[in-house]
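Written below as structure tokens is the structure these notes are about.
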Amino acid sequence: MESVVKVESLSVWFGAARVLRDVDIEFARGELTALIGPSGSGKTTLLRAVNRMNDLFPGVRTEGEVTFFLNGTEVRAYNDCPDVASLRRTAGMVFQTPNVLPTSIRQNFSIPLRHVLGLSKPHVEERMEAALRDAELWDEVKDRLGEQAQTLSGGQQQRLCLARALSLEPRVLLLDEPTASLDFRASRRIENLLVRLKERYPVLAVSHSLGQTSRIADRVYVMSNGAIVEHLEGEELHDAERLHRLAEDLF
């Protein structure tokens, strides 16, 4: 396993409440790593800790380290990170509920690409088309780029958010229950898309579904009360009896 991100002894407090407890995980190139567990077990907090999104909340304290291994260099997220904004582009995040900007499809790309990366209009158009193709959305929206993004279906909006993250050229994808608000058909489409994208982007995803996890994940960390309590990979992910026991214990 070629690790791209390693989380070591990571603990997070919100005020006096300890939400993560000495978490150690790693995720690798060419793999989709899933976090599962009951509501309130710390999955989203762990996901947000990878690119320091928790820092946006008041009263947060983090101990431990998250290390990125990129092109032969190590980038430590907490102890010697000079540019948190760059870190968040390195680890692009897609949230549970599609958070399209209340503007046109085109401007959902031009705003971040021009203001964050300073790209010219021709480069914005190029990046937008490439990302929409990656998210398998280009053919559905290429004649609608001037329309409001909110006119898209829920599944299309989620793929738009994924495309927007891809347009910033991340090295890692962080996904917080990306199919939770979608119907069965849209969920399966996102699943198939992620299976293809993980060959290019290591993925860490929070999942609400053991069935989904067994279909798309290569490695699974089970969380409870802010800690990792179990780790599954390979054939273990297709052991129906073990998954059934997990479902009874956790959900």
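The figures here come from the full heavy-atom set of this structure, side chains too, leaving out hydrogens, waters and symmetry mates.
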Q. Looking at S224 and V229, what are the two nearest heavy atoms and their distance?
A. CB-CG1, 3.9 Å
(Q) Walk me through whether L166 and R200 qualify under side chain to side chain contact (heavy atoms under 4.5 Å, CB included). (A) CA-CA 11 Å; L166 295 177; R200 293 168 51 196; over 6 Å; no
Q. V195 and L175: same hydrophobic cluster, using ILVMFWY side-chain contacts below 4.5 Å?
A. yes
Q.
Minimum heavy-atom separation for A34 and A217, please, with both atom names.
A. CB-CB, 4.0 Å
(Q) For the backbone of V4 and the side chain of R29, can you confirm whether one donor and one acceptor N or O come within less than 3.5 Å of each other? (A) no
Q: For residues Y201 and P170, determine if any side-chain heavy atom of one lies less than 4.5 Å from a side-chain heavy atom of the other.
A: yes
Q) What do the steps show when you test Q212 against T179 for side-chain hydrogen bond (donor to acceptor under 3.5 Å, both in side chains), and what is the final call? A) CA-CA 10 Å; Q212 179 182 83; T179 64; 2.7 Å; yes
Q.
Is any side-chain heavy atom of F95 closer than 4.5 Å to one of R48?
A. yes
Q.
Rounded to the nearest 0.5 Å, what separates atom OH in Y78 from atom OG1 in T67?
A. 11.0 Å
(Q) Can you give me the closest heavy-atom contact between L182 and G155, atom names plus distance? (A) CD2-N, 3.6 Å
Q: Indicate yes or no for a side-chain donor-acceptor contact from Q157 to the backbone of V100 under 3.5 Å, with no hydrogens or angles considered.
A: no
Q) What heavy-atom pair brings L197 and D134 nearest, and what distance separates the two atoms? A) CD2-O, 4.0 Å
Q: Write down the atom of K6, the atom of E26, and the distance for their closest heavy-atom approach.
A: CE-OE1, 3.7 Å
Q: Would you check if T90 and N51 make a side-chain contact, meaning some heavy-atom pair closer than 4.5 Å?
A: no
Q) Is L193 linked to L137 within one hydrophobic cluster, defined over Ile, Leu, Val, Met, Phe, Trp and Tyr using a side-chain heavy-atom separation of less than 4.5 Å? A) no
Q.
To the closest 0.5 Å, what do you measure between OG1 (T97) and CG (D176)?
A. 9.0 Å
**Q.** Heavy-atom neighbours of H123 NE2 exceed 12 at 6.0 Å
**A.** no
**Q.** Spatial distance of atom CD (Q148) from atom OG (S104) [nearest 0.5 Å]
**A.** 6.5 Å
**Q.** Validation row: L204, V172 side chains within 4.5 angstrom (heavy atoms)
**A.** no
Q) Can you tell if the side chain of E65 reaches within under 4.5 Å of the side chain of N79, non-hydrogen atoms only? A) yes
Q) Are L173 and L168 joined in one hydrophobic group, where the rule is that I, L, V, M, F, W and Y side chains link up if heavy atoms are under 4.5 Å apart? A) no
Q) In Å and rounded to the nearest 0.5 Å, what is the CD1 to OG distance from I36 to S41? A) 9.0 Å
Q: Please determine if E129 and K142 form a salt bridge, counting it only when a charged side-chain N lies under 4.0 Å from a carboxylate O.
A: no
**Q.** N192 CG: over 12 foreign heavy atoms closer than 6.0 Å
**A.** yes
Q: Could you tell me whether the side chain of E31 reaches within less than 4.5 Å of the side chain of E233, counting heavy atoms only?
A: no
Q: Decide whether L174 and L162 are clustered together by the hydrophobic rule: side chain heavy atoms of Ile, Leu, Val, Met, Phe, Trp, Tyr closer than 4.5 Å, transitively.
A: no
Q) If you measure from CG on L87 to CG on D55, what distance do you get to the nearest 0.5 Å? A) 9.5 Å
(Q) Would you say that L47 contacts M93 through its side chain, given a criterion of any heavy-atom pair below 4.5 Å between the two side chains? (A) yes
Q: Check the pair M128, L145 against side chain to side chain contact (heavy atoms under 4.5 Å, CB included), reporting the backbone distance first and the verdict last.
A: CA-CA 10 Å; M128 175 182 66; L145 297 174; 3.7 Å; yes
Q) Quick one: are N99 and R164 in side-chain contact, heavy atoms under 4.5 Å? A) yes
Q | Stepwise side chain to side chain contact (heavy atoms under 4.5 Å, CB included) check, L101 with Q107 | A | CA-CA 8 Å; L101 301 177; Q107 287 183 310; over 6 Å; no
Q) CG/L132 to CD1/I105 distance, rounded to the nearest 0.5 angstrom? A) 8.0 Å
Q: For the pair R219 (side chain) and F27 (backbone), establish whether a donor and an acceptor sit closer than 3.5 Å, ignoring hydrogens and angles.
A: no
Q. What are the two closest heavy atoms between L32 and A205, and how far apart are they?
A. CD2-CB, 4.4 Å
Q) Taking it one step at a time, do S9 and D24 satisfy side chain to side chain contact (heavy atoms under 4.5 Å, CB included)? A) CA-CA 6 Å; S9 302; D24 293 293; 4.0 Å; yes
(Q) So does M223 get a backbone contact from the side chain of K43, meaning a donor-acceptor N/O pair under 3.5 Å? (A) no
(Q) Testing R215, K198, R185 one by one against E191 for a salt bridge (Lys or Arg N to Asp or Glu O under 4.0 Å), which residue passes? (A) R215
Q.
Would a single hydrophobic cluster contain both L46 and F14, if residues Ile, Leu, Val, Met, Phe, Trp and Tyr are joined by side-chain heavy-atom contacts under 4.5 Å?
A. yes
Q. Would you call E169 and R127 a salt bridge, taking side-chain N to carboxylate O under 4.0 Å as the test?
A. yes
